[in-house]
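Excluded from the calculations below are hydrogen atoms, water molecules and symmetry mates; all remaining heavy atoms, backbone and side chain alike, are included.
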Amino acid sequence: MSKRPRRAPTTPRMAPEDERGLAMLAVLATVLIVTVISIALVGLMNTDLTHASIQHAVARSFYIAQAGLQEAKIRVSASADPAAYTTPASGVTAAYGSGRFTYWVDAGPAADGCGPGLKTVDVQGGVGFLGRTIGSRVRACAVGGTPFLAALFGVGRVQFQGAASRLYLAPNHVGTPGGGGSVGSFSEISFGDPDVRVNALSEERFEPVALREGTVPDYGLYGFAERPDYNPNAAADAAPWVLSVFGDIIKAQPTTGPLPTRCGTAYACLTVGNDVTDIRDVAALRAAHYVHHVYFNDIREERLPPLALDPEGFQILAAHNTANADLNRIVGLGGKTDSLYERMQFFRLMFYLAAHPTQFLRGPIYVNGTVELLRDWNLGGDSGNVTLAVAGDLIIGKKLTLTNRHDLSSAIGRRLPSLVVFSAPEATPVPAEVCGGERISGTGRLVVCEESALIVDGLIYTQDGMAIEPRAMVDQIGAMYHDNQGTPHPSFSLRDGAVTVRFDPLALSVFGHGITIVSWQQLHGPGVPAPLPTVPPAIGLGRIF
């Protein structure tokens with residue numbers, strides 16, 4: 001009898017109502033999960049939007065602070081004495097856009113700022129957000145009284161010649177605002193000899209520099225404890241890493257309009273030898289044009305105002321300077337109490353003081369006529385305050401040393417000009433020949449003859465340029481500005497000599513116009529207090545053209 005096959009057990013089927021219930025549970029669970037995720041995403045988005053809004057407010061407050069910095073610069077520049085300008089302790093507040101800024105110049109939070117002589121500008125910018133003020137703060141260090149910075153500037157041609165030439169444009173103190181020194185011109189910067197060395201830090205061997213303190217390694221001027229390791233071969237590396245410690249070459253154009261140049265360019269041209277091709281960058285200067293021993297950070301074009309010093313101002317200062325009355329009496333100048341001298345009167349003083357090295361001049365001196373140094377002379381001692389202004393030419397004779405040092409521990413001493421050479425009221429009809437074939441005629445020229453030395457602090461200013469002859473040495477803490485144009489002489493000429501300029505930005509503040517930022521930083525500090533009020537927007541001796 002056959003058996004019937006057994007059936008597999010079957011799962012009881014659910015009623016349709018039960019299936020609909022499970023589907024509803026799945027839908028509800030999905031909706032719940034989506035809702036939770038959506039709420040979380042909305043929360044995250046809201047947080048992100050809030051953070052973005054805060055960041056936007058912070059950015060706006062930062063740029064408002066930057067606007068306040070520019071406004072402060074305008075106010076300082078427009079003042080009668082930019083170097084002395086200060087704000088009230090409460091600062092100056094102005095509305096700007098949807099916020100406001102408050103700035104202080106050498107007052108309030110800026111009172112303990114950048115150090116002696118430099119102006120400190122502290123700015124707080126703020127915008128309103130969610131019932132509070134979001135603020136940013138910036139601080140700048142600036143030089144009041146000069147619209148631009150350059151360690152060596154010539155209105156006319158600046159030229160370097162001779163394989164034995166050495167030029168160092170270094171900072172006065174490493175790490176201080178202002179950095180390395182730049183060289184600039186309204187006409188031309190010319191390297192007449194490809195073997196000239198500018199800022200060439202012991203390229204292949206130790207290179208000593210003779211300074212007032214004694215002999216120092218050249219790389220020590222720029223803060224290196226030992227010779228920096230870099231490739232001096234411009235053909236292999238035209239942009240070595242050491243370039244960053246140096247200043248720039250400034251191809252300038254006067255704000256009053258372009259001056260004619262040999263290259264036919266709107267800005268000053270940069271040339272090598274007799275070639276009139278304008279060189280555009282440092283790499284091309286060092287490699288393509290074979291000037292292998294010249295080191296600058298960059299080459300830039302810039303419109304700058306021409307500057308000048310006024311001889312009348314120096315005459316007035318000398319006429320009121322009675323500090324040399326006793327010396328005048330000793331050398332037989334009768335009852336003369338001022339420091340305004342004719343040429344032969346000054347020669348009496350010069351011979352007497354050269355023979356009595358413990359006695360010195362004091363204060364501003366003005367000489368009508370050309371002065372030629374005939375003996376070594378220290379004008380004011382190791383920390384004097386002499387400014388020597390000459391209406392004619394100033395000649396430092398062969399193998400002689402002229403020293404004019406200031407008290408550099410004070411801002412006043414750093415601002416004092418050292419040598420100021422103006423043209424005489426009437427030029428000499430027949431030029432006289434001095435060392436190195438230089439010809440002078442009272443046009444305001446400074447000549448440093450062969451094997452002589454010039455040791456000075458402060459500004460060197462001339463109206464007809466400066467010539468440095470072979471084996472001469474210049475040791476300066478300060479800056480140079482040479483104002484000649486329309487004369488056959490270059491503004492600055494170095495020929496097989498050695499020049500070290502430790503650049504001090506304060507030396508340029510004697511011009512008494514403008515303000516230049518040398519460094520700035522964003523600070524962490526208290527924001528601008530709320531609420532935001534409704535405030536209407538804020539609106540020497542030298543001369544500027």
Side-chain angles (χ1 to χ4, degrees), residues 149-152 158-172 174-176 178-185 188-209 215-252 263 265 267-302 492 494-503 519:
L149 301 181
L152 168 57
V158 175
Q159 65 181 30
F160 309 102
Q161 299 173 304
S165 289
R166 298 290 187 274
L167 174 64
Y168 298 99
L169 301 175
N172 181 27
V174 176
T176 57
S182 298
V183 59
S185 173
E188 180 179 0
I189 299 100
S190 172
F191 293 93
D193 189 319
D195 290 325
V196 167
R197 281 168 163 76
V198 179
N199 296 330
L201 303 186
S202 297
E203 290 175 308
E204 296 173 352
R205 64 183 185 277
F206 172 79
E207 288 275 356
V209 179
T215 300
V216 300
D218 57 2
Y219 51 79
L221 296 170
Y222 298 84
F224 295 106
E226 57 186 18
R227 180 185 173 274
D229 184 12
Y230 68 101
N231 188 350
N233 186 351
D237 185 4
W241 68 268
V242 291
L243 292 184
S244 61
V245 305
F246 306 120
D248 299 332
I249 293 177
I250 305 173
K251 297 178 175 182
C263 307
T265 54
Y267 292 82
C269 53
L270 175 62
T271 62
V272 174
N274 294 321
D275 193 351
V276 295
T277 301
D278 182 35
I279 301 169
R280 309 300 299 177
D281 57 70
V282 173
L285 174 67
R286 284 176 41 77
H289 292 268
Y290 307 107
V291 186
H292 297 332
H293 313 293
V294 172
Y295 296 81
F296 283 97
N297 182 52
D298 195 10
I299 297 175
R300 54 188 168 92
E301 295 180 344
E302 192 169 350
F492 180 85
L494 172 63
R495 182 162 61 95
D496 287 323
V499 176
T500 302
V501 180
R502 287 174 279 183
F503 178 47
S519 67

Test side-chain contact (heavy atoms from CB on, under 4.5 Å) applied to D298 - qualifying residues, sequence neighbours left out: D248
Heavy-atom pair of closest approach, residues P208 and T215: CB-CG2, 3.3 Å
side-chain contact (heavy atoms from CB on, under 4.5 Å) assessment of T271 paired with C263: CA-CA 9 Å; T271 62; C263 307; 3.6 Å; yes
Donor-acceptor contact present, side-chain R502 to main-chain P171, <3.5 Å: no
Partner of Y295 by ring-ring contact (aromatic ring centres under 6.0 Å, His included), out of Y230, Y222, Y168: Y230
P217 and F224, any side-chain heavy atoms less than 4.5 Å apart: no
Point-to-point distance, once rounded to the nearest 0.5 Å, from CG of L270 to NE2 of H289: 8.5 Å
Residues K251, I299; criterion side-chain contact (heavy atoms from CB on, under 4.5 Å); working and verdict: CA-CA 7 Å; K251 297 178 175 182; I299 297 175; 3.6 Å; yes
Distance-minimising heavy-atom pair for H293 and P194: CD2-O, 4.1 Å
Nearest heavy atoms of S190 and G273, plus distance in Å: OG-O, 4.4 Å
N231 to A236 - nearest heavy-atom pair and separation: ND2-CB, 3.7 Å
Intermediate values then yes/no, side-chain contact (heavy atoms from CB on, under 4.5 Å), V196 and L494: CA-CA 10 Å; V196 167; L494 172 63; 5.8 Å; no
Side-chain touch V183/F492, heavy atoms, less than 4.5 angstrom: no
4.5 Å side-chain heavy-atom contact, V294 and F160: no
Atom pair CG/CD of L201 and E207 - distance to nearest 0.5 Å: 10.0 Å
Within the 6.0 Å centroid threshold, strictly below: F296 and F246: no
side-chain contact (heavy atoms from CB on, under 4.5 Å) between Y219 and V242, worked out: CA-CA 10 Å; Y219 51 79; V242 291; over 6 Å; no
Distance (rounded to the nearest 0.5 Å) between D193 CG and R495 CZ: 12.0 Å
Pairwise side-chain contact, I250 with R300, heavy-atom cut-off 4.5 Å (strictly under): yes
All salt bridge (charged side-chain N to carboxylate O under 4.0 Å, His left out) counterparts of R197, not counting sequence neighbours: E203
CZ-CG distance between R286 and D281, expressed to the nearest 0.5 angstrom: 11.5 Å
Flag side-chain contact, heavy atom, 4.5 Å: F503 against L152: no
Pairs flagged by salt bridge (charged side-chain N to carboxylate O under 4.0 Å, His left out) wherever residues 219-233 is involved - sequence neighbours left out: none
Lys/Arg N to Asp/Glu carboxylate O, D218 vs R166, below 4.0 Å: no
Closest contact, heavy atoms only, A268 versus E188: CB-N, 3.9 Å
Minimum heavy-atom distance L285-I249, with the two atoms named: CD2-CD1, 4.1 Å
